[in-house]
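Written out below as structure tokens is the structure these notes cover.
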Amino acid sequence: MAQVVLNQLEKIYAGSRKGSDFRAVKKIDLTVEDKEFMVLVGPSGCGKSTTLRMIAGLEEITDGTISIDDQLVNDVAPKDRDIAMVFQSYALYPHMTVFENMAFGLKLRKYPKEEIERRVNEAAQVLGLETMLQRKPKALSGGQRQRVAVGRAIVRQPKVFLFDEPLSNLDAKMRVSMRAEISKLHERLQATMIYVTHDQVEAMTMGDRICVMNDGEIMQIDEPLNIYNRPANLFVASFIGSPAMNLFKGATVFKEGGPVFEETNETGNGFSIPLDGDLGEKVKNLDGKAVVLGIRPEHTRMLESESEPTVAVVTAKIELSEPMGSETLVYLDTGANSFIVKERGHVKLSNDLYVSVAIDPEKVHLFDRATGEAI
């Protein structure tokens with residue numbers, strides 16, 4: 001397989017008569033290691049699919065370089081880059097059987113008939129398609145069609161596999177199943193794979209590393225749990241995680257016991273949280289600094305009684321509760337900020353009830369309000 005290196009890669013679309021040029025991808029640097037499963041994730045329009053299409057050679061590069069297996073491929077035709085791409089739309093030929101669809105690329109390259117049959121049968125066995133090789137695409141489910149599209153890529157035995165939101169057209173249950181299938185496929189093939197999605201759950205569960213993009217730029221590249229536990233900025237903190245991280249505006253204030261975060265609350269009912277350990281050290285010279293405090297919903301809990309000992313308590317009104325079976329999401333409002341608490345099990349709660357919520361001070365994150373960067 002192969003390493004893929006993007007160096008100062010940029011894509012600019014020429015402006016219309018009414019507007020200026022549009023920079024879809026802005027001088028990004030990214031290295032995908034040999035045999036790595038890299039996921040590009042971000043909201044619609046962030047540049048992730050454009051980046052993938054430039055790697056494939058389907059989109060012209062404005063500036064920068066792309067190397068595959070130490071070979072510069074800027075001017076190499078897509079068919080000569082030794083990559084295989086799986087599209088969102090499956091792109092199967094309706095008049096061909098599953099076998100013919102999977103074999104089509106090999107036939108174009110004039111592989112011997114015996115080699116084509118061997119590769120197609122091996123891929124069909126890996127993907128559980130052995131009994132469907134003589135069916136037409138219209139006789140297959142969405143998940144089966146997607147497996148055929150993946151099989152067509154596998155038989156090529158390329159250096160790099162590219163996936164462009166391949167599960168978007170599937171229902172929720174089938175997406176979960178296909179996520180597992182593609183992950184197992186990566187383990188079996190030990191292939192270099194680059195996978196584009198807007199679904200952060202897919203990114204967290206599938207990638208060896210995740211590249212979070214927004215507005216044509218890379219926000220953070222790291223292993224999934226590092227991105228979840230140590231987001232580099234406000235965008236990553238709010239995008240990765242379901243439900244998203246709770247965010248509170250406030251400032252760092254120094255008191256006798258040390259630095260604390262104080263929520264900005266016009267009602268006068270704001271809360272404060274002591275900032276200890278490494279976070280306390282980082283803000284010791286930032287008295288009065290405008291910041292945003294972040295806390296994951298699972299690192300909060302509703303107090304059963306006012307007498308429970310805790311150092312950080314938020315008083316808030318219940319707006320809505322959503323029972324999810326194994327957990328209940330409780331939506332609350334402090335008067336200045338809305339946030340979510342994740343409670344274990346099924347909890348029956350009344351709307352408009354005021355409750356006390358404990359925040360784990362060891363799990364809080366601080367971000368510079370001006371730049372959005374993590375402190």
Side-chain angles (χ1 to χ4, degrees), residues 1-2 34-39 52 55-56 58 68-69 78-197 199 202 205-208:
M1 295 302 165
D34 183 32
K35 301 178 183 177
E36 183 175 28
F37 196 126
M38 172 67 77
V39 179
L52 195 76
I55 296 170
L58 303 178
I68 299 175
D69 198 17
K79 65 183 179 65
D80 298 323
R81 294 192 181 194
D82 202 6
I83 56 95
M85 191 162 180
V86 180
F87 297 92
Q88 177 181 346
S89 60
Y90 315 143
L92 301 179
Y93 294 105
H95 63 287
M96 293 184 182
T97 65
V98 168
F99 183 96
E100 291 167 339
N101 267 284
M102 292 172 65
F104 186 70
L106 299 181
K107 287 182 178 179
L108 285 181
R109 290 166 176 78
K110 303 189 184 305
Y111 277 78
K113 183 179 178 181
E114 295 76 12
E115 177 70 6
I116 292 174
E117 288 188 358
R118 183 185 67 80
R119 289 196 186 189
V120 172
N121 287 327
E122 285 180 358
Q125 189 172 13
V126 167
L127 294 165
L129 294 170
E130 308 103 300
T131 62
M132 306 175 196
L133 290 175
Q134 298 310 312
R135 294 188 196 176
K136 299 283 182 68
K138 66 181 180 181
L140 304 177
S141 68
Q144 290 167 341
R145 291 178 193 177
Q146 192 56 275
R147 277 189 279 166
V148 175
V150 172
R152 184 175 52 194
I154 290 174
V155 298
R156 292 266 315 280
Q157 298 179 0
K159 289 180 179 177
V160 182
F161 288 86
L162 306 179
F163 295 85
D164 190 9
E165 304 206 39
L167 309 185
S168 296
N169 292 334
L170 304 180
D171 61 49
K173 184 177 180 181
M174 185 57 70
R175 280 203 303 272
V176 173
S177 174
M178 283 301 298
R179 274 204 323 251
E181 288 297 325
I182 293 174
S183 294
K184 287 189 287 186
L185 186 64
H186 175 252
E187 287 295 320
R188 189 178 292 120
L189 299 179
Q190 287 295 292
T192 303
M193 293 184 175
I194 305 175
Y195 186 102
V196 161
T197 181
D199 186 334
E202 280 184 23
T205 55
M206 297 177 74
D208 294 327

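Worth knowing before you read on, the calculation uses all heavy atoms, side chains too, and leaves out hydrogens, waters and symmetry mates.
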Do E187 and K184 pass the salt bridge (Lys or Arg N to Asp or Glu O under 4.0 Å) test, and can you show the C-alpha distance, the side-chain angles, and the key distance before you say yes or no? CA-CA 5 Å; E187 287 295 320; K184 287 189 287 186; over 6 Å; no
For F163 and L52, run side-chain contact (heavy atoms from CB on, under 4.5 Å): C-alpha distance rounded to whole Å, both residues' side-chain angles, the deciding distance at 0.1 Å, then the answer. CA-CA 8 Å; F163 295 85; L52 195 76; 5.8 Å; no
Might you work through the side-chain contact (heavy atoms from CB on, under 4.5 Å) test for V39 and E202, ending with a clear yes or no? CA-CA 9 Å; V39 179; E202 280 184 23; over 6 Å; no
Between T197 and L167, is the side-chain contact (heavy atoms from CB on, under 4.5 Å) condition met? List the steps. CA-CA 9 Å; T197 181; L167 309 185; over 6 Å; no
Test side-chain contact (heavy atoms from CB on, under 4.5 Å) on K136 and T97 and set out the steps. CA-CA 4 Å; K136 299 283 182 68; T97 65; 4.1 Å; yes
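Under the rule for a side-chain contact (heavy atoms from CB on, under 4.5 Å), the partners of D82 that lie at least two apart in sequence or sit in another chain are P158, K159. Applying the salt bridge (Lys or Arg N to Asp or Glu O under 4.0 Å) test to E115 and every residue at least two apart in sequence or in another chain returns R118, R119.
At least one side-chain heavy atom of V196 sits under 4.5 Å from a side-chain heavy atom of E165. Side-chain atoms of L189 and F161, non-hydrogen and from C-beta on, do get closer than 4.5 Å to each other.
A distance of 14.5 Å separates CG of L106 from NZ of K113, quoted to the nearest 0.5 Å. Rounded to the nearest 0.5 angstrom, R145 CZ and L170 CG are separated by 10.5 Å. Note that CD1 of I83 and CD1 of I55 are 9.5 Å apart. Values are rounded to the nearest 0.5 Å. Rounded to the nearest 0.5 angstrom, Y90 OH and N101 CG are separated by 13.5 Å. Atoms CE and CD1, from M102 and I154 in turn, are 7.0 Å apart once rounded to the nearest 0.5 Å. One distance of note links CD of Q146 with CZ of F87; it measures 11.0 Å at 0.5 Å rounding.
Residues A2 and T192 share a closest heavy-atom pair of O-OG1, 2.7 Å. Across every non-hydrogen atom of M132 and L140, the tightest pair is SD-CD2, 4.1 Å. When all heavy atoms of P137 and M96 are compared, the pair lying nearest together is CD-O, 3.1 Å. The minimum heavy-atom distance between S183 and M206, with the atom names listed, is OG-CG, 3.8 Å. Across all their heavy atoms, I182 and P166 have their closest contact at CD1-CG, 4.5 Å. Minimum interatomic distance between I68 and R81 (heavy atoms only, all atoms of both residues): CD1-O, 4.3 Å.
Put simply, the side chain of D208 gets close to the backbone of F37: a donor and an acceptor are under 3.5 Å apart. For the pair R109 (side chain) and G105 (backbone), a donor-acceptor distance under 3.5 Å is present. A donor-acceptor pair under 3.5 Å is formed between the side chain of H186 and the backbone N or O of K35.
Among pairs with a residue in residues 167-179, none fulfils salt bridge (charged side-chain N to carboxylate O under 4.0 Å, His left out), at least two apart in sequence or across chains.
Partner of R152 under the side chain to side chain contact (heavy atoms under 4.5 Å, CB included) criterion, chosen from V86, V98, L92: L92.
At most 12 non-hydrogen atoms from other residues, nucleotides or ligands lie less than 6.0 angstrom from CD of Q125.
Aromatic ring pairs are classed by plane angle as parallel below 30°, tilted from 30° to 60° and perpendicular above 60°; the pair H95 and Y93 is perpendicular.
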